[in-house]
Each structure stands twice: as structure tokens, then as C-alpha cells.
Q: 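Take this structure, written in C-alpha cells, and hold onto it; I'll ask about it next.
Basis for what follows: all heavy atoms, side chains included, without hydrogens, waters or symmetry-related copies. For the single chain, residues carry numbers from 1 onward in sequence order.
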Amino acid sequence: MKTFSVGKPARRHRRSDKNRVIFQMLCNDISLSKISKITGTSYRGLYGKSDLFHEQVQGFVAQGEDFSQVDFHEVGSLFATDSQTLILNWPTKQKRTPVAVQHLCTAHNRSGFIVEAALQFDPSLSMEDAEARALKAGEADISNAFRQFVRVWTKTEFESYLRKLRKQKRVKTTDLYQLPHQGALVRYDILQYAHALRVQEMLAHVDAPLLLAMDDDKGLQQAFQAVFVQEIRSRRADIAVVSFDKGMTHDMRLKQFKNGRALL
């Protein structure tokens, strides 16, 4: 007869002396296999420590994230939005298939407070459900802007999109362009607009002038311009587009920075 216990993730941690080094490795993108080999910790132990870190970080962050108490006239009201491509090793019965998922995040410049974060994934809907809804609605010949069931990719539409990319020679491999095997992948343009709406909702109480900074992503710019149109017209918000030349050396960046400061 088996028994089960309920409690905090740290209840079975016998070796807390390894927590610090494991946490640092996780924050520096070191794989679980390497962490296990270096620290001599089993995978079961690593997953347990991950649960502990997640709980502790949430508790720590929640103490300082009382957004309503922030004086933005004093600390500034610059918010930066960026997107990262997360490569997820999606497990299947045959093999682990990497899936590319976009992650959008908006943070306050001075404090690092995360205003809103959104993942291009909906776990509540399956690909089969999305396909069935789209077919039932008969929206195949309707523009995406007027379709009711366009929020997520269906398998048929995504495969058609891949064929178009390959024909245009914009992708070299399809390994990183696959749908998740559970849940549904949200269309990126819709994710951008939804993220901008959530940011607007979170910043509605801010009485200081807003400065919204983002990289040179046309879709993201259009989303924020459309959502914050009233704030921009009334001079309550400005959008700053930051472009990067990743081929520049450090000395070239410093020179560009000095030239920019001189212009200001």
C-alpha cells in the first residue's frame, strides 16, 4: 500500500547546500544534463529544486510588485517591450521535436518590474478543436481581419504557411517551425495586439507621461500605435523605436553613443 504526502517543495530537500549553484546554473542556460553531471544531483532532485525556486521567486517578487504604490514621476515612466524566440523541446513518443514559440514581455526600465508577459501558446485548445471550429465556420475564403476563429493556427493553415516560406526560400529547415503537439499556437500578430491591450490596462492608472520603447518590429509598433492612439494624440504617451546593428564592435557602439548624446 502506497502513501502520499502533501507539502512544500522543500520538504524532501536533504542537500540545501547545492541550491545556490544549481539556481545560478539554471539562470545561465545550462542544460539539466550538465547540471546533473556537475552537481551529482538526480533529475528527480533537479525538478524538485526547480519547484522550490519557482515558489521562492514568486514569493520574493510578489513582495515588491505593488504597482499601485509606485510614484512614476519620481522613478520615471519608461517601459520597454521586447520579444524572444523560445525553442522548446516538445516531447513525443517518437522523438523530441523543437518548437519555436514567441514570448512577449514589457518591463519598467528603472525597477525591472514585469508589467505584462505573454506566451504564444493556448493550452486550453487543441489543434483538432481549432481545425474543427474553422471548418464549421466556413471562413476559408474570408480575410483574416474578419474571421471569428483566426486567433490560433490550424494545422492546415500552418502547413500552407510553411510551404509559402519554403517557396520564398525564407526558411532552410522546418525543424524549428512546427506546431506544438498539445494546445494551440497563437498567431503572432494577434498576440502582439493582445499584449498591447494588456499593457494599456496595466498602465491605465499611471498619471505620468508614458514612454514606450521597443525594437524595430513593425507588427509590434502597429499594435502599440493602434492601442495607445488616444494617449499618443493627447501627448500622454510616446513610442520610441530602438534599432540595433549587431555587427558593431564595442568601440563603434561607444562612438555611436557619444554622437547621439552630442545631438541631444
Side-chain angles (χ1 to χ4, degrees), residues 1-65 82-107 112-131 152-155 158-159 162 171-188 191 194-195 198:
M1 184 176 185
K2 294 184 179 180
T3 59
F4 300 89
S5 61
V6 178
K8 296 183 177 180
R11 68 189 185 278
R12 297 187 183 278
H13 285 226
R14 305 293 184 233
R15 294 293 304 275
S16 61
D17 58 303
K18 295 184 179 181
N19 287 356
R20 182 183 180 88
V21 67
I22 291 176
F23 181 71
Q24 290 176 331
M25 289 181 178
L26 287 172
C27 292
N28 284 278
D29 298 328
I30 298 178
S31 65
L32 291 180
S33 60
K34 289 185 179 180
I35 296 176
S36 176
K37 185 176 181 179
I38 293 171
T39 63
T41 306
S42 66
Y43 284 104
R44 182 177 180 181
L46 288 179
Y47 285 119
K49 290 185 183 296
S50 296
D51 290 338
L52 170 66
F53 298 150
H54 180 257
E55 183 181 88
Q56 294 297 318
V57 168
Q58 278 191 320
F60 174 77
V61 172
Q63 294 177 6
E65 289 192 347
D82 196 11
S83 173
Q84 299 85 31
T85 302
L86 305 182
I87 306 301
L88 309 180
N89 286 326
W90 207 279
T92 66
K93 293 181 179 179
Q94 293 80 21
K95 62 179 181 179
R96 289 190 174 272
T97 306
V99 177
V101 179
Q102 294 295 325
H103 177 260
L104 268 175
C105 184
T106 296
F113 176 88
I114 303 300
V115 179
E116 176 65 12
L119 190 65
Q120 188 191 9
F121 179 69
D122 183 358
S124 66
L125 190 68
S126 69
M127 287 189 297
E128 291 77 14
D129 291 337
E131 194 86 40
V152 299
W153 283 103
T154 65
K155 187 175 181 180
F158 194 76
E159 289 176 348
L162 284 183
V171 291
K172 297 180 180 179
T173 175
T174 60
D175 288 344
L176 299 182
Y177 293 87
Q178 298 190 32
L179 289 174
H181 307 292
Q182 296 173 346
L185 195 68
V186 179
R187 289 178 182 269
Y188 186 48
L191 179 74
H195 182 80
R198 283 287 295 144

Q: Ser36 side chain to Thr41 main-chain N or O, any donor-acceptor pair under 3.5 Å?
A: yes

Q: Would you name the heavy atoms of Ala117 and His103 that are closest together and state the gap between them?
A: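 Looks like CB-NE2, 3.8 Å.
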
Q: Side-chain contact test, heavy atoms from C-beta onward, threshold under 4.5 Å: evaluate it for Leu86 versus Leu119 and give yes or no.
A: yes

Q: Heavy atoms only: give me the nearest Leu46-Leu32 pair and the separation to one decimal.
A: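 Where Leu46 meets Leu32 most closely, the heavy atoms are CD1-O, 3.5 Å.
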
Q: To the nearest 0.5 Å, tell me how far Asn19 CG sits from Leu52 CG.
A: 6.0 Å

Q: Does any non-hydrogen side-chain atom of Phe23 lie less than 4.5 Å from one of Val57?
A: yes

Q: Can you check whether Lys49 reaches Leu26 side chain to side chain, under 4.5 Å on heavy atoms?
A: no

Q: Quick check: does any side chain N or O of Gln120 sit under 3.5 Å from a backbone N or O of Val186, one acting as donor and the other as acceptor?
A: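 It does hold such a pair.
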
Q: Which pair of heavy atoms, one from Ser83 and one from Gln102, lies closest together, and at what distance?
A: OG-OE1, 2.8 Å

Q: Give the minimum heavy-atom separation between Ala118 and His195, together with the two atoms involved.
A: CB-ND1, 3.9 Å

Q: Could you measure the distance from the CD atom of Gln24 to the CD1 atom of Ile35? Nearest 0.5 Å is fine.
A: 11.0 Å

Q: Looking at Tyr188, I want to see if its OH is surrounded by more than 12 non-hydrogen atoms of other residues, nucleotides or ligands under 6.0 Å.
A: yes

Q: Glu131 side chain to Lys155 main-chain N or O, any donor-acceptor pair under 3.5 Å?
A: yes

